[in-house]
Amino acid sequence: MRIATWNVNSLAVRLDQVLAFAGSARPDVFALQETKLPDERFPSAEIGAAGYRVLFSGQKSYNGVALLARGELLDASREIVGEPDPQRRWLAASFAGVRIIDVYIPNGESVGSEKYAYKLGWMERLCQGIAAELARHPELVVLGDFNVAPEPRDVHDPRVWEGKIMFSEPEREALRRLLGLGLHDVFRRFEQPEQEFSWWDYRMGAFRRNRGLRIDLILASDALAARCTACRIDKQPRRHQRPSDHAPVIAEFR
DNA sequence: ATGGTGGCGCGGCCA
């Protein structure tokens, strides 16, 4: 099974890039974030014509998550259990016996802001929600845009980013608590190039200078991580005309 | 340098 995740920063703008990537990488399950589309505008027909079934949980202008799959998606959930949230950031479903949870963790704006408090609260609720899902589904993947770089090697310059949004200690601690449920960042189970990132700011030539962060993650439960055979970031789409600011991440499971 | 680039949608918010 091949699983991919990509923050597309507007599916309306990036639909052709999504279909091109799906056609070449051919993921069985493809999680999208920041679709920025209300459900009535979701391009189900175009994606269906490419051979994917779809689930989506969108809103106008902001947020929005979607799951594309080459087969049935069962037992869909659009809210963390017991945690209604008007911001569409969670979409879970089961595919071929594997629980797939697509998340778009809040950005948090800046350390100490109201949005930062919302982010830390959301991550705490996420941890509870994933614990509940894990209790029912031992084979589970949590993937998406986490808006947190786990370790210094996931940041182009840790001295610059220390204490900043996406690399502050409370955010990394919240991510460690999530991993502590029995999840594995599968990217780090394989040899990887140094300075390998998944997001680069649009400004200041950050991509050209590889000033990025690795904030797009695929986390697998113990049972599933044991079956992971590869994980990589595909930087090619970030080189396109009108790119997303994120690159897709792909993992293989036997 | 509180900048800069991009999406949404048409002023200002969000990332």
Side-chain angles (χ1 to χ4, degrees), chain A residues 5-21 30-43 46-47 56-66 85-91 102-123 125-126 143-150 154-157 159-168 170-172 174-175 197-217 233-249:
Chain A
T5 179
W6 195 8
N7 178 323
V8 295
N9 185 21
S10 168
L11 183 55
V13 172
R14 240 66 72 180
L15 178 58
D16 289 349
Q17 293 183 41
V18 165
L19 295 176
F21 177 80
F30 192 5
L32 307 180
Q33 304 86 38
E34 281 206 271
T35 55
K36 299 187 174 181
L37 285 175
D39 290 347
E40 61 271 20
R41 286 189 53 206
F42 194 87
E46 292 91 330
I47 293 173
F56 39 85
S57 180
Q59 65 182 90
K60 186 175 150 70
S61 306
Y62 304 110
N63 309 312
V65 283
D85 184 348
Q87 300 190 22
R88 310 319 287 169
R89 299 181 175 278
W90 161 287
L91 182 58
D102 179 12
V103 298
Y104 174 46
I105 291 182
N107 167 278
E109 191 192 20
S110 58
V111 172
S113 68
E114 274 184 35
K115 292 195 183 81
Y116 183 72
Y118 172 71
K119 179 180 196 173
L120 293 178
W122 203 92
M123 291 185 78
R125 296 190 290 278
L126 175 66
L143 76 174
D145 177 1
F146 287 70
N147 269 317
V148 182
D154 298 313
V155 173
H156 70 85
D157 187 343
R159 291 167 302 177
V160 166
W161 280 90
E162 186 63 54
K164 301 279 197 338
I165 196 67
M166 298 189 279
F167 196 60
S168 71
E171 292 166 86
R172 289 150 66 191
L175 186 55
F197 308 123
S198 68
W199 169 83
W200 303 259
D201 199 295
Y202 283 121
R203 296 165 288 193
M204 307 298 286
F207 181 66
R208 179 174 48 79
R209 301 195 283 183
N210 198 31
R211 295 192 175 184
L213 305 181
R214 191 175 69 89
I215 57 178
D216 299 273
L217 311 177
I233 296 168
D234 184 358
K235 288 198 287 290
Q236 194 54 40
R238 188 64 176 78
R239 301 184 179 102
H240 288 158
Q241 296 280 322
R242 272 192 109 183
S244 168
D245 45 351
H246 295 253
V249 187

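Letters A, B, ... mirror the listed sequences (proteins, then strands); counts begin at 1.
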Between A/Lys164 (NZ) and B/dT2 (P), how many Å, whole number? 16 Å
Quick one: is B/dC8 close enough that its OP1 or OP2 comes under 4.0 Å of any side-chain N or O from A/Ser10? yes
Is there a donor-acceptor contact under 3.5 Å linking the side chains of A/Asn63 and A/Arg88? no
Backbone N/O of A/Ser113 and side chain of A/Tyr118: donor-acceptor pair under 3.5 Å: no
Can you tell me the distance, in whole Å, between the NE2 atom of A/His240 and the P atom of B/dG6? 16 Å
If the P atom of B/dG9 is compared with that of B/dA15, how far apart are they to the nearest Å? 15 Å
Pairs: protein N or O with nucleotides 11-15 of chain B N or O, under 3.5 Å:
residue: B/dC14; atom: OP2; partner: A/Lys115; partner atom: NZ; Å: 3.1

Could you label the plane-to-plane angle of the A/Phe30 and A/Phe21 rings as parallel, tilted or perpendicular, counting under 30° as parallel and over 60° as perpendicular? tilted
Restricting to side chain to side chain donor-acceptor pair (under 3.5 Å), what partner residues turn up for A/Gln236, sequence neighbours left out? A/Arg239
Spacing of the P atoms in B/dC8 and B/dG3 (rounded, Å): 23 Å
Distance, rounded to the nearest Å, where A/Trp200 contributes CH2 and B/dG6 contributes C1': 16 Å
Is A/Glu162 salt-bridged to A/Arg172, going by a charged N under 4.0 Å from an acidic O? yes
Output, in order, the C-alpha distance, side-chain angles, deciding distance and verdict of side-chain contact (heavy atoms from CB on, under 4.5 Å) for A/Trp199 and A/Asp216. CA-CA 8 Å; A/Trp199 169 83; A/Asp216 299 273; 4.2 Å; yes
Give the C-alpha distance, both sets of side-chain angles, the deciding distance and a yes or no for side-chain contact (heavy atoms from CB on, under 4.5 Å) between A/Asn147 and A/Tyr104. CA-CA 8 Å; A/Asn147 269 317; A/Tyr104 174 46; 3.8 Å; yes
Would you say A/Ser61 reaches B/dG7's phosphate, i.e. side-chain N/O to OP1/OP2 under 4.0 Å? no
Between A/Trp122 and A/Asp85, does any side-chain donor sit less than 3.5 Å from a side-chain acceptor? yes
Starting at CD of A/Gln241 and ending at C1' of B/dG6, how long is that distance when rounded to a whole Å? 14 Å
Candidate list A/Gln33, A/Lys36, A/His246, test side-chain hydrogen bond (donor to acceptor under 3.5 Å, both in side chains), partner A/Asn9, passing option: A/Lys36
Expressed as a whole number of Å, how far does the C1' atom of B/dC14 sit from that of B/dG4? 15 Å
Residues of residues 11-20 of chain A with any non-hydrogen atom less than 4.0 angstrom from an atom of DNA chain B: list those, numerically ordered, please. A/Val13, A/Arg14
